[in-house]
Amino acid sequence: MLLVTGVNGGLGALVLERLAGRADVVAGSRTPERVRAELPARLVDFDRPETLAAAFEGVRTLLLISAGAAEDDVVTARHGAAIEAAEKAGVEHVVYTSLSGDGDHLPYALAHRWTERRLRESGTLRWTVLRNGLYAELLAGIAAPGPDGVITAPLGTGRLAAVARADLAEVAVNVALAPARHAGRTYELVGERAVGGAEVAEVLGAEYRPGRLTDARAAVAASDALDFQVPMVLGTYSAIAHGFLAGPGGPGDLAALLGRPPRPALEVIAGPASVG
């Protein structure tokens, strides 16, 4: 049996769409009654480790979708509880959605690397790490035009090897349904062609006038972002602007695991109108 966690988020929901109707898959959620896919759902609450023994019963493969929307100590506690419960329940293989290796400069990298290390140190679990690049959908959000049609995101001339979230969901499903062939592997899943602010502006019919990090910090802090999210967003801007997330370019693990070329990031950013 395959158990998928984090199913109420964007990536998890896309994973469930691809697994709907399978008899050998269970969804795990803090709110199982809200799981819409045609799958059975179990209560999985990493903040309440006592829920995990029953949730992991009979599970052979765990697709652990990162619970990263929190401070580092909260995220590592959640992932640690999940991995410990998996070990105790006799889970055979954990597939973990991590962060691409070029993301080590990002403020939210630590919890991912801690989780990878915890999996490697397990004496009982087989594991596979999917190091996901930043979503094209994320770039569309942090580089959106203002009401005046101007993109002021402080990306400079930097570029991001962004990935379509749907492609990452497809890879996660492919690996989780046949994990044995991927045991002990760490895959770097970044886009084949990096894009920058000027290209985003072009496909959106906007103008690109990159601003300063100081101004972006003030704008994010004044929004409804949580306190810990402010440095996350600013760190992402800075890493892109300074050239750390442009990727190696060309086909890599993403295309190999998809069995086809990945969807171009600009197509995702432009939206449904760009398809066809």
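Values reported hereafter were calculated over all heavy atoms of this structure, with side chains retained and with hydrogens, waters and symmetry mates removed. Bear in mind the structure is a predicted one, so any value in this text is a computation, not a measurement.
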Please tell me if the side chains of [X] and [Y] come closer than 4.5 Å, counting only heavy atoms from C-beta onward.
X      : Y      : result
Leu257 : Leu189 : yes
Val59  : Val26  : no
Trp127 : Thr115 : no
Leu254 : Glu192 : no
Leu43  : Thr51  : yes
Val15  : Val7   : no
Asp102 : Phe244 : no
Tyr208 : Val200 : no

Could you grab the distance from atom [atom1] of [X] to atom [atom2] of [Y], nearest 0.5 Å is fine?
X      : Y      : atom1 : atom2 : value
Leu52  : Asp45  : CG    : CG    : 7.5 Å
Ile240 : Leu160 : CD1   : CG    : 4.5 Å
Ser100 : Leu245 : OG    : CG    : 6.5 Å
Leu177 : His182 : CG    : NE2   : 9.5 Å
Arg159 : Leu139 : CZ    : CG    : 11.0 Å
Leu110 : Asp104 : CG    : CG    : 10.0 Å

Looking only at heavy atoms, what is the nearest atom pair of [X] and [Y], with distance?
X      : Y      : value
Gly103 : Ala109 : O-CB, 3.4 Å
Ala246 : Ala161 : O-CB, 3.5 Å
Pro179 : His93  : O-CE1, 3.2 Å

Self-check item: Verdict with supporting geometry, Arg113 and Arg117, side chain to side chain contact (heavy atoms under 4.5 Å, CB included)
Solution: CA-CA 6 Å; Arg113 301 298 175 251; Arg117 184 179 66 187; over 6 Å; no

Salt-bridge present ([X], [Y]; N to O < 4.0 Å):
X      : Y      : result
Arg260 : Asp167 : yes
Glu199 : Arg193 : yes
Glu116 : Arg131 : yes

Is it true that a side-chain atom of [X] and a backbone atom of [Y] form a donor plus acceptor pair closer than 3.5 Å?
X      : Y      : answer
Arg126 : Ala183 : no
Ser238 : Gly235 : no
Asp253 : Glu188 : yes
Ser29  : Thr31  : yes
Thr5   : Ile65  : yes
Arg78  : Phe46  : no
Thr61  : Leu2   : no
Ser122 : Leu119 : no
Gln229 : Leu226 : yes

Does [X] share a hydrophobic cluster with [Y], counting links as ILVMFWY side-chain heavy atoms below 4.5 Å and allowing steps through other members?
X      : Y      : result
Val129 : Val4   : no
Val75  : Tyr108 : no
Leu39  : Leu63  : yes
Tyr237 : Met232 : yes
Val44  : Val94  : yes

Quiz item: Is the count of non-hydrogen atoms from other residues, nucleotides or ligands lying under 6.0 Å from Asp227 atom CG greater than 12?
Solution: no

Quiz item: Taking it one step at a time, do Leu168 and Leu11 satisfy side chain to side chain contact (heavy atoms under 4.5 Å, CB included)?
Solution: CA-CA 8 Å; Leu168 297 175; Leu11 181 64; 4.1 Å; yes

Quiz prompt | Evaluation steps, side chain to side chain contact (heavy atoms under 4.5 Å, CB included), between Thr186 and Arg120 | solution = CA-CA 11 Å; Thr186 297; Arg120 290 195 300 269; 5.9 Å; no

Practice problem: Measure up the His112 and Tyr96 rings against each other and bin them: parallel (under 30°), tilted (30 to 60°), perpendicular (over 60°). | Solution: tilted

Practice problem: Decide side chain to side chain contact (heavy atoms under 4.5 Å, CB included) for Val268 and Tyr135; before the verdict, give the C-alpha distance in whole Å, the side-chain angles of both, and the deciding distance to 0.1 Å. | Solution: CA-CA 10 Å; Val268 177; Tyr135 303 156; over 6 Å; no

